Amino acid sequence: MADTALVPDDFEVPTEYVDPRFRLEPLGPQHNVADHAAWSGSIEHIRATAQMGQWPPLDGMSLEANLGDLQRHADDFTSRRGFTYTVLDPGTGDVIGCVYLYPSKKPEYDAVLRTWVRADRADLDTGLHSTLVDWLESTWPLGKLDHR
């Protein structure tokens, strides 16, 4: 998305966030099968709640295309251009959602946060989002955050 880092070089980007309801870790190719299953089984719910435009695609995406998408997110994380975390169930380790933190395209904001959870975990929609807004605004050097 952006060619420059979203956070300063001296900021240590967290590689985990733990809450009693969920756990975050950087999204990468190792999550491909579980990530694909999580979002492709919840397309209508995600489109209705996540404010992510035309994603996910109504007609789905191949596992191979999803792998390419996950590799792009992992590359963005490594280069500090954006940060995507997979949301895992703390008990089972199942992929239950995703968190995206990228530079905002709106000039009045510095960064944008988007989250989604599987339809069968819709009870986490609000709690995940509000917990992350609090975490990001209190500990990340992001400037003004667009979170809805």
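No experiment lies behind these values; they were computed from the predicted model shown. In what follows, every heavy atom counts, from backbone to side chain, and hydrogens, waters and symmetry copies are set aside. Note that the numbering runs from 1 along the sequence shown for the chain.
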Please round to the nearest 0.5 Å and tell me the distance separating atom [atom1] of [X] and atom [atom2] of [Y].
X: L113; Y: E137; atom1: CG; atom2: CD; answer: 9.0 Å
X: T78; Y: D75; atom1: OG1; atom2: CG; answer: 6.0 Å
X: T139; Y: Y17; atom1: OG1; atom2: OH; answer: 8.0 Å
X: L136; Y: L145; atom1: CG; atom2: CG; answer: 6.0 Å
X: T115; Y: L24; atom1: OG1; atom2: CG; answer: 10.0 Å
X: R81; Y: L6; atom1: CZ; atom2: CG; answer: 11.5 Å

Is the number of heavy atoms from other residues, nucleotides or ligands within 6.0 Å of CD (E64) greater than 12? no
Counting heavy atoms not belonging to E44, are there more than 12 under 6.0 Å from its CD? no
Dump the intermediate steps for ring pair (Phe, Tyr, Trp, His ring centres under 6.0 Å) on F83 and Y102, then the final yes or no. CA-CA 6 Å; F83 303 97; Y102 275 90; 7.9 Å; no
Criterion side chain to side chain contact (heavy atoms under 4.5 Å, CB included) on E25 and L88, from CA distance to verdict: CA-CA 8 Å; E25 66 181 47; L88 304 169; 3.4 Å; yes
Checking T131, L132, V133 against H129 for side chain to side chain contact (heavy atoms under 4.5 Å, CB included), the one that qualifies is V133
Side chain to side chain contact (heavy atoms under 4.5 Å, CB included) with V117: which of D125, V99, I46? D125
Does the [X] side chain pair with the main chain of [Y], one donor and one acceptor, at a distance under 3.5 Å?
X: N32; Y: L63; result: yes
X: D110; Y: K144; result: yes
X: R114; Y: C98; result: no
X: R118; Y: V95; result: yes
X: H45; Y: S42; result: no
X: H36; Y: H31; result: no
X: D94; Y: I96; result: no

So which residues get pulled into L67's cluster when ILVMFWY side chains under 4.5 Å apart are joined, directly or through others? none
Taking atom types as modelled, is there a side-chain donor on R80 or T4 under 3.5 Å from an acceptor on the other? no
Note, [X] side chain near [Y] side chain (heavy atom, < 4.5 Å):
X: D35; Y: L27; answer: yes
X: F77; Y: T84; answer: no
X: T92; Y: D89; answer: yes

Would [X] and [Y] show up in the same hydrophobic cluster when neighbours are defined by side-chain heavy atoms closer than 4.5 Å?
X: W39; Y: V33; result: no
X: M61; Y: L70; result: no
X: L101; Y: V13; result: yes
X: W116; Y: L128; result: no

Residues P26 and Y85: closest non-hydrogen pair is N-CD2, 3.7 Å
Give me the atom names and distance for the closest heavy-atom approach of P20 to P90. O-CG, 3.4 Å
For a salt bridge (Lys or Arg N to Asp or Glu O under 4.0 Å) check, start with the C-alpha distance between R23 and E16, then their side-chain angles and the critical distance, and finish with the verdict. CA-CA 7 Å; R23 182 174 64 82; E16 184 177 59; 3.6 Å; yes
Validation row, ring centre Y100 to ring centre H73 under 6.0 Å: yes
Once the angle between the rings of W140 and W135 is folded into 0 to 90°, is it parallel (under 30°), tilted (30 to 60°) or perpendicular (over 60°)? perpendicular
Could you please spell out the steps behind the salt bridge (Lys or Arg N to Asp or Glu O under 4.0 Å) verdict for R21 and D123? CA-CA 10 Å; R21 301 160 296 172; D123 59 303; over 6 Å; no
